Amino acid sequence: MVTAPQRPQFTPEQLVSASLIRLGAADRNPFFASLALMAPIVISEGLDTAATDGEKLYFNPQFLANLRPAERDGLIVHEVLHAALLHVPRIGGRQPLLWNIACDIVVNGMVLADSRLALPPGGVRNEALEHLPVEEVYDIILRRKDTVARHLGLRDLRPELRDLQNSAGAPAIK
C-alpha cells in the first residue's frame, strides 16, 4: 500500500516568515516586507482571521495555515496597509464597521493591483470605489449603508476585536 507523503506542518510564525521572505525579494514588495518586519506579529486563536490595532498584526493560526502562499502574502500586505495608512487613528467618530468596510475596499484594491498577490475568499471589493480616499468611500457607504449591508450580508464581522485596542486606545480593524 502506497501512502501519500505527508505535508510538512509549519508553525504560524514560519508561515509569516515565508511570506515576508517572498515579499522581501527585490522584484516583489520589499517596502511592505520592511513595514511588516517593524510590526510585532501576534498569533492568536482569539480572532477568526486577521486584524491590526495600528501597531501589531494579529493572525489566527488556523486561518493562516489554510491559505495559499499568495493569499497569505496578500493578507499580510492588507494588514500592513491598514497600519501604514493610519486607518485605526483616522476612524474618529465614524461607525467602526462601515469604516472598516471603506478601509478594506481601498486596501484590497491596492493589494490586488499586484498580480502576484491574492486575498482570502470573502474579501470586500468595489472596483468603482477603491481608487478614492477612504473618507470618501466611507461617506458613500454611509449614504447607502442599508443597500450595502443587505448586498454584502454584513453584520459586525469583528466582534472578537471590540476590546482589542492599541496603546492610544484606538480600536482594531481587520
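Being a predicted model, the structure only gives us computed values, none of them experimental. Each residue takes its place number in the sequence, starting with 1.
Between the side chains of D104 and H78, at least one donor N or O sits under 3.5 Å from an acceptor N or O. Between the side chains of S19 and D73, a donor-acceptor pair is found at a separation under 3.5 Å.
How far CD of E13 is from CG of L20: 12.0 Å, rounded to the nearest 0.5 Å. Within the model, atoms CG of L119 and CG of L75 stand 8.0 Å from one another, a figure rounded to the nearest 0.5 Å. Taking CG of N60 as the start and CG of L67 as the end, the distance is 9.5 Å to the nearest 0.5 Å. Note that the CD1 atom of I76 and the CG atom of L23 stand 6.5 Å from one another [nearest 0.5 Å]. In this structure, I105 CD1 and L132 CG are separated by 9.5 Å, a value rounded to the nearest 0.5 Å. To the nearest 0.5 Å, atom NE2 of residue H87 and atom CG of residue L81 are 8.0 Å apart.
Contacts of I21 classified as side-chain contact (heavy atoms from CB on, under 4.5 Å), with partners at least two apart in sequence or in another chain: none. Residues satisfying the side-chain contact (heavy atoms from CB on, under 4.5 Å) criterion with E135, sequence neighbours excluded, are R90, R94, W99, P133. For S34, there are no side-chain contact (heavy atoms from CB on, under 4.5 Å) partners two or more places apart in sequence or in a different chain. Among residues two or more places apart in sequence or in another chain, the side-chain contact (heavy atoms from CB on, under 4.5 Å) test is passed with V106 by M110, V134, V137. Applying the salt bridge (Lys or Arg N to Asp or Glu O under 4.0 Å) criterion to D139, with sequence neighbours excluded, gives no partner residue. E45 pairs by the side chain to side chain donor-acceptor pair (under 3.5 Å) definition with nothing, not counting sequence neighbours.
Contact record, F59 with I41: CD1-CG2, 3.9 Å, taken as the closest heavy-atom pair. Minimum interatomic distance between L47 and S44 (heavy atoms only, all atoms of both residues): CD2-O, 3.4 Å. Taking each heavy atom of N108 and G123 in turn, the nearest pair found is ND2-C, 4.0 Å. Across all non-hydrogen atoms, the minimal contact from R116 to A70 is O-CB, 3.7 Å. Nearest heavy atoms, P12 versus P61: CG-CB, 3.4 Å. Smallest separation of non-hydrogen atoms from Q95 and L142: NE2-CD1, 3.5 Å.
Contact check for L64 versus R72: side-chain heavy atoms found under the 4.5 Å cut-off. A 4.5 Å side-chain heavy-atom check between D53 and Y58 finds at least one atom pair inside the cut-off. Side-chain contact check for L57 versus V80: some heavy-atom pair is nearer than 4.5 Å.
Linking Ile, Leu, Val, Met, Phe, Trp and Tyr whenever their side-chain heavy atoms come within less than 4.5 Å puts F31 and L112 in one cluster. Tracing side-chain contacts under 4.5 Å through hydrophobic residues (I, L, V, M, F, W, Y), one never reaches V88 starting from L86; they form parts of separate clusters.
Every pair tested for salt bridge (charged side-chain N to carboxylate O under 4.0 Å, His left out) that includes a residue from residues 31-40 fails, sequence neighbours excluded, so the list is empty.
Distance alone, capped at 3.5 Å, places no donor-acceptor pair between the Y138 side chain and the I91 backbone.
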